[in-house]
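Throughout, a chain's letter reflects where its sequence line sits, starting with A, and its residues are numbered from 1. Side-chain atoms are counted along with the backbone in the values below, which use heavy atoms only and exclude waters and symmetry mates.
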Amino acid sequence: MANDSNRFQAIISHCKEYGFIFPSSEIYDGLQAVYDYGQWGSELKKNIRDYWWKSMTQLNDNIVGIDAAIFMHPTTWKASGHVDNFNDPMIDNKDSKKRYRVDHLIEGFADEQVAVGNKQLAEDVLSQMDALLAKDDFASLKKLIEDNKIKCAISGTSNWTDIRQFNLMFSTEFGSTVSADDEDNKVYLRPETAQGIFVNFLNVQKTGRMKVPFGIAQIGKAFRNEIVARQFIFRMREFEQMEMQFFVRPGTEGEWYKYWKEERLKWHLSLGFDPAKYRYHDHVKLAHYAKEACDIEFEFPIGFKEVEGIHSRGDFDLSQHEKFSKKKQNYFDNDIDPATGKAYGNYIPYVIETSIGLDRMFLLVMSNAYTEEDLSTAEKPDSRVVLKFPAKLAPIKLAVFPLVKKDGLPEIARNIISDCKSSFRCFYEEKDAIGKRYRRMDALGTPFCITVDHQSKEDNTVTIRYRDSMQQERIAIDKIKEIVTAAIA
RNA sequence: GCGGAAGUAGCUCACCUGGUAGAGCGACAGCUUCCCAAGCUGUAGGUAGCGGGUUCGAGUCCCGUCUUCCGCUCCA
């Protein structure tokens with residue numbers, strides 16, 4: 001475990017040292033759980049994003065993309081359940097330092113009372129609690145806890161802090177008019193991208209002439225005010241999701257759930273990652289909207305963690321929006337039901353959601369790529385740090401070096417770059433010994449290095465050096481673009 | 001939010017029990033170099049997280065504060 005922890009620290013350091021990820025606003029001491037992607041991190045992130053987008057939209061003719069706004073009508077979050085279900089009042093015991101959700105604490109007390117035969121008391125307490133929670137009357141809730149001498153299981157005392165509310169969603173002011181009631185101007189920064197898809201379900205279905213089953217994909221930022229946000233970019237307050245909501249005929253959700261569960265794992269494995277590092281985690285306790293749910297977990301240096309979720313959401317979201325907006329969210333299905341010989345008709349489609357964290361995927365790719373190699377020989381100790389990215393995700397695809405920076409070699413190298421740079425990202429370097437330049441590129445995960453030497457002037461060949469094997473080959477200059485393009489396809 | 005540890009050059013660290021900061025690596029400029037880091041020369045870079053206190057004098061002692069890391073708590 002100690003080694004894994006060190007490895008995680010090493011990855012974080014490497015990310016900062018080589019321009020992948022910086023702590024946000026670092027010159028002002030940073031901002032907790034917010035990170036910036038640097039010059040190479042933004043390239044890698046973009047490549048991951050593009051790979052997902054292409055695999056969803058371009059390779060599935062029944063999936064289209066949208067880009068909904070981060071701001072949404074506040075009612076959206078009432079409909080989705082985020083306003084009511086995720087504002088949990090908390091209370092701390094001052095002696096044990098243990099924190100409880102107020103409702104859990106009181107419900108636990110009620111259970112105890114039932115167990116000892118005080119059924120009436122339990123019911124009274126619970127009904128009072130519900131009434132007070134509905135009014136957000138925290139002072140009275142605390143009094144309720146104290147009056148019943150509810151104790152902390154750890155310390156056994158009733159020495160409680162005031163009740164505080166933990167807000168999942170960030171809110172901000174909308175518009176410039178001042179209202180007597182703050183709530184009128186309040187909008188939230190979306191805590192998930194999914195709702196932008198649901199509220200546009202009929203827009204896309206009608207204008208795109210989409211037929212069930214079909215999907216809508218979206219990539220975008222989301223914001224959550226996590227209680228503790230740590231573990232580098234694994235849990236951030238501002239993060240990016242890649243989601244796809246797949247709309248299906250009710251009754252077929254089971255098979256589609258299974259389909260996407262398998263399909264999404266295949267996507268991960270298509271990047272060449274070790275299947276042994278992946279596993280499914282099927283949810284036993286389901287969220288309020290879910291019928292079936294699982295996570296795809298990856299073995300990060302900090303252990304197996306969720307990177308993607310596949311959820312069978314039923315018609316929960318669309319039904320909620322229909323209820324709150326009073327706008328029908330029906331789809332009319334003309335296909336003939338073989339059981340009745342008639343069209344399936346009107347229904348609210350069921351939804352299978354696939355939701356992957358882009359930042360988590362970045363960390364996955366980085367964790368998988370980061371390798372420390374011992375290259376020591378009998379003569380001298382040697383080592384290197386190399387990022388073994390899949391070539392298609394690497395920030396830089398090709399580096400070109402003149403072996404020495406004279407005799408016309410730099411010019412040849414520059415020509416190679418100008419020939420290739422419209423096709424993929426290239427990097428030119430003429431400083432320092434050739435070996436050092438190779439190692440610098442290893443640290444950035446560049447899969448191919450080209451070295452121009454004096455022979456190149458004679459026969460138009462160069463050396464290509466492969467990142468992972470460190471092997472070299474002599475190839476013709478006019479083959480370079482072809483080789484790299486094939487590798488990143 | 002609680003407990004523990006730590007904050008000195010881009011990175012890793014040193015300065016022992018107080019006397020106004022050093023090294024290695026890295027970076028940059030140049031030299032050398034015909035294929036895998038640590039060959040030569042030179043240059044830049046720190047008001048020692050921040051604020052206050054004690055002291056003739058503080059990176060070094062005390063207090064506060066911020067940040068980070070580890071553990072706990074929460075997690076759709």
Rounded to whole angstrom, note down the [atom1] distance from [N] over to [M].
{"N": "B:A37", "M": "B:C25", "atom1": "P", "result": "15 Å"}
{"N": "B:U32", "M": "B:G22", "atom1": "C1'", "result": "29 Å"}
{"N": "B:G4", "M": "B:A48", "atom1": "C1'", "result": "24 Å"}
{"N": "B:A44", "M": "B:U33", "atom1": "C1'", "result": "25 Å"}
{"N": "B:U60", "M": "B:G7", "atom1": "P", "result": "11 Å"}
{"N": "B:G26", "M": "B:C40", "atom1": "P", "result": "11 Å"}
{"N": "B:G45", "M": "B:A21", "atom1": "C1'", "result": "13 Å"}
{"N": "B:G18", "M": "B:G59", "atom1": "C1'", "result": "10 Å"}

What is the distance from [atom1] of [X] to [atom2] of [N], rounded to the nearest Å?
{"X": "A:K405", "N": "B:U32", "atom1": "NZ", "atom2": "C1'", "result": "11 Å"}
{"X": "A:R465", "N": "B:C36", "atom1": "CZ", "atom2": "P", "result": "10 Å"}
{"X": "A:Y466", "N": "B:C36", "atom1": "OH", "atom2": "P", "result": "17 Å"}
{"X": "A:E26", "N": "B:G10", "atom1": "CD", "atom2": "P", "result": "10 Å"}
{"X": "A:I302", "N": "B:C69", "atom1": "CD1", "atom2": "P", "result": "12 Å"}
{"X": "A:I450", "N": "B:C35", "atom1": "CD1", "atom2": "C1'", "result": "13 Å"}
{"X": "A:R235", "N": "B:U73", "atom1": "CZ", "atom2": "P", "result": "13 Å"}
{"X": "A:L375", "N": "B:A38", "atom1": "CG", "atom2": "C1'", "result": "14 Å"}

Treat primed atoms plus P, OP1 and OP2 as sugar-phosphate and everything else as base, then score nucleotides 23-29 of chain B 5' to 3': B for base contact with protein heavy atoms under 4.0 Å, S for sugar-phosphate contact only, - for none. ---SSSS
5'-most by nearest nucleotide on RNA chain B - A:D442 or A:E306: A:D442
Along RNA chain B (nearest heavy atom to each residue), the more 5'-positioned of A:R439 and A:P191: A:R439
Is the distance between the ring centroids of A:Y35 and A:F232 under 6.0 Å? yes
Tell me if the centroids of the rings in A:W260 and A:F246 come within less than 6.0 Å of each other. yes
Stems of at least 3 consecutive Watson-Crick or G-U wobble pairs (donor-acceptor distances under 3.5 Å) involving RNA chain B, listed by first number, are B:1-7 with B:66-72, B:10-13 with B:22-25, B:27-31 with B:39-43, B:49-53 with B:61-65
Side-chain donor-acceptor pair under 3.5 Å between A:Q218 and A:T193, yes or no? no
Lys NZ or Arg CZ of [X] over [Y] ring: under 6.0 Å, within 45°:
{"X": "A:R264", "Y": "A:W267", "result": "yes"}
{"X": "A:K221", "Y": "A:F239", "result": "no"}
{"X": "A:R237", "Y": "A:F223", "result": "no"}
{"X": "A:K397", "Y": "A:F424", "result": "no"}

Taking the side chain of [X] as heavy atoms from C-beta outward, which of [options] is closest to it?
{"X": "A:K406", "options": "B:A37, B:U33, B:C36", "answer": "B:U33"}
{"X": "A:Q9", "options": "B:U33, B:C69, B:C36", "answer": "B:C69"}
{"X": "A:D382", "options": "B:C11, B:C36, B:A37", "answer": "B:A37"}

Under the side chain to side chain donor-acceptor pair (under 3.5 Å) test, which residues partner A:E482, sequence neighbours left out? none
A:R437: salt bridge (Lys or Arg N to Asp or Glu O under 4.0 Å) partners, not counting sequence neighbours: none
Over 60° means perpendicular and under 30° means parallel, so tell me whether A:F20 and A:F362 are parallel, tilted or perpendicular. perpendicular
Going by the rule ring-ring contact (aromatic ring centres under 6.0 Å, His included), which residues pair with A:F300 if we only count those two or more places apart in sequence or in a different chain? A:F234, A:F298
For [X], which contact category applies under a 4.0 Å heavy-atom criterion: base, sugar-phosphate, or nothing?
{"X": "A:S383", "result": "base"}
{"X": "A:Q455", "result": "nothing"}
{"X": "A:L403", "result": "base"}

Which protein N or O atoms sit under 3.5 Å from an N or O of nucleotides 45-48 of chain B?
none

List the atom of A:Q329, the atom of A:I348, and the distance in Å for their closest heavy-atom pair. O-CG1, 4.0 Å
I want to check something: taking the side chain as every heavy atom from C-beta on, are A:Y466 and A:P447 in contact at a cut-off of under 4.5 Å? no
